[in-house]
Participant: 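My questions all concern the structure below.
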Amino acid sequence: MSNLMMRLLGRIPLGWLQLVSNKLRFAAAASGVGFACILVFVQLGMMGAFSDATRLSYSGFRADIMISASDSHELFDGSNVARRRMYQALAVPGVQQACPLFVGMTPWQQADGSTVEFRTLGIDPELDSFFGPEMGDIEALKLGNSALVDRHARGLQPDLLSHVTREQPLKFEGLGQQLSIVGTVSFGGGFAGDGFMFVSNQTFMRLFASRFSGAPNHILLRVAPGEDVDVVARRVRQALEVPSLQIRSLAQAIEQDVKYQTTVRPTGLIFGFGVAIGIVVGIVIVYQILSTDVADHLREYATFKAMGYSQGYFRSVIIEEAIILAVAGFFPALIASLTIYAVMAKATGLPIEMGPDRALLVLVGTVASCSLSGMIAMRKLATADPADLF
Amino acid sequence: MTGPITVDSLNHWFGNGEARIQALFDINLEIQPGKLTILMGPSGSGKTTLLTLIGCLREVQDGNVMLLGKPLRGATPKQYNLLRRRLGFIFQAHNLHQSLTAMQNVRMGLELHKSANTAEFDRACAHLLTQLGLGQRLDYLPAKLSGGQKQRVAIARALVGNPAIVFADEPTAALDKESGQKTVELLKRLGQVRGTTTVMVTHDNRILDLADRILRLEDGRIVHDTASTIHRP
């Protein structure tokens, strides 16, 4: 290892030799860095799951533009939109099709007394071009009081829905109506509900008697082939001219929802703080380790300085140490975090996954934080006369 | 032709304000090349201060030092660094790096010098250590070496870069009589072979007969110089 590093650096690998000469401290330092990495990974995992779960709620839609009330931040909040806005929008050149969307919450009481809350979307099964294969057997919703239910919803018995089909429906009672589950989807739970449920508009009106079919929550639009989505969206905005509405491209709506979840909602903020605290803890740990290391070797560094070694040399040694610490802490932390992610995903039903971009981001961040700490630890040496350091 | 070191009306102070104390008073000195010069004097006489000033380890405050033809007064950190690379320094304590073997410690003295032939480094280090009687101890860490052996490694580190001047600050202080004597003899012999100028601070009387010239300091002034036999009040 020493020889390899010597060839790599073209000098004696002083940082490496210093670190391994006290193996116990090296192990403690690396685990400190690793601990900080795990902290950041877990928080990023939760924050990522937050964004992913939000994106997932839109993943079944094949639409270009979404019309929502201006007080709507996400799919499941905000005022209603008058249905006549849909006909106005359909008159705008470039708009090809429109589809109203109703949202609500349906509880399903389980045999053991617990309740699973379904975020319920009312859609028009005739307009199946608005929905992708993620939505499952939409045809089946044309039957009265039928529903497509998330088989991975939190709180459901694992195998309860695994054999459900149109031919073998499962009946349950929700909101005073008997519903038959005629198919399943797989979105997984979110933060706001336990899972998704899709029903037809007619079924939705039966479930939510207070809702009026003339006032959906959102309206999805598709633009004609060859039309630019943003151009058409601007045209719709001009044609409707209603300040209580927001007309956004679907992509824009999704990104604003993600931003809302991660920066405005308290849960998102908490994870953001968690990441920041992880980074600070990491920097403090590495600073402690490296400044102790510098203090311990001050005499030796002073000797080297007296011999004519420049500040740049010491900087390269401390960066060498920082990179070694970062790598030695990061990779065990990565493996530990993969395990934690798997456990968390299983326990929460949230989409918690480690992407290569996140791993790389944390690695680069770790090296940068370690180097920064090293630089701060090095300041002591920069100004001193060698003679004062003995 | 001037010598490798010329000191011109050098004064030096420590501390600030009320606590300011003058450590050196109007030092004028010229050191001859290739000779072993010894600075003597009681504790606090300023001998180490003088050594660290002419050895580029401390900034010159007043007066001037010409070292290898370069003025030290007002020199930049970069100029100091470049000069330091042409010097060898042996400290009172050996100051070896505890995490480096004897070979690696000596090699640190060579890696300062940009050379295309880094493969030669190990051979040169091993050769010098063998000359100093440490051929069997090349891969030992300092903790496994005796005091005299450590000091010899430090000497090898100071000499391996072929310095023009070697400065030694009480190199025998931590050694017993015999190894102290041997160490200085070694230093003198290697200096003669290579034509190196050596300046040594000591208050060890046992090694005075090895000196070519002895300077005696008291209270920050040179009071005796065997080269000139000038006595100053």
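Side chains included, hydrogens not; waters and symmetry mates left out as well; all remaining heavy atoms used. Each chain gets a letter, A, B and so on, in the order its sequence line appears, and its residues count up from 1. Treat the numbers as computed from the prediction; the structure is a model and nothing was measured.
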Participant: Heavy atoms, side chains only, cut-off 4.5 Å: are A:F330 and A:L334 in contact?
Facilitator: yes

Participant: For B:L87, is it the side chain, the backbone, both, or neither that has a heavy atom closer than 4.5 Å to a heavy atom of chain A?
Facilitator: neither

Participant: Considering the options B:L50, B:T49, B:L72, which one meets the side chain to side chain contact (heavy atoms under 4.5 Å, CB included) requirement together with B:L10?
Facilitator: B:L50

Participant: Tell me, please, whether A:Y313 has A:R11 positioned over its six-membered ring: NZ or CZ under 6.0 Å from the ring centre and within 45 degrees of its axis?
Facilitator: yes

Participant: Looking at chain B, which one of A:H297, A:Q18, A:E300 has the largest number of heavy-atom pairs inside 4.5 Å, strictly under?
Facilitator: A:E300

Participant: Quick check with a 6.0 Å cut-off and a 45 degree axis cone: is B:R221 positioned over the face of B:F25's six-membered ring?
Facilitator: yes

Participant: Which of the residues B:T52, B:D169, B:L100 is involved in the greatest number of heavy-atom pairs with chain A at under 4.5 angstrom?
Facilitator: B:L100

Participant: For B:L53, is it the side chain, the backbone, both or neither that has a heavy atom under 4.5 Å from a heavy atom of chain A?
Facilitator: neither

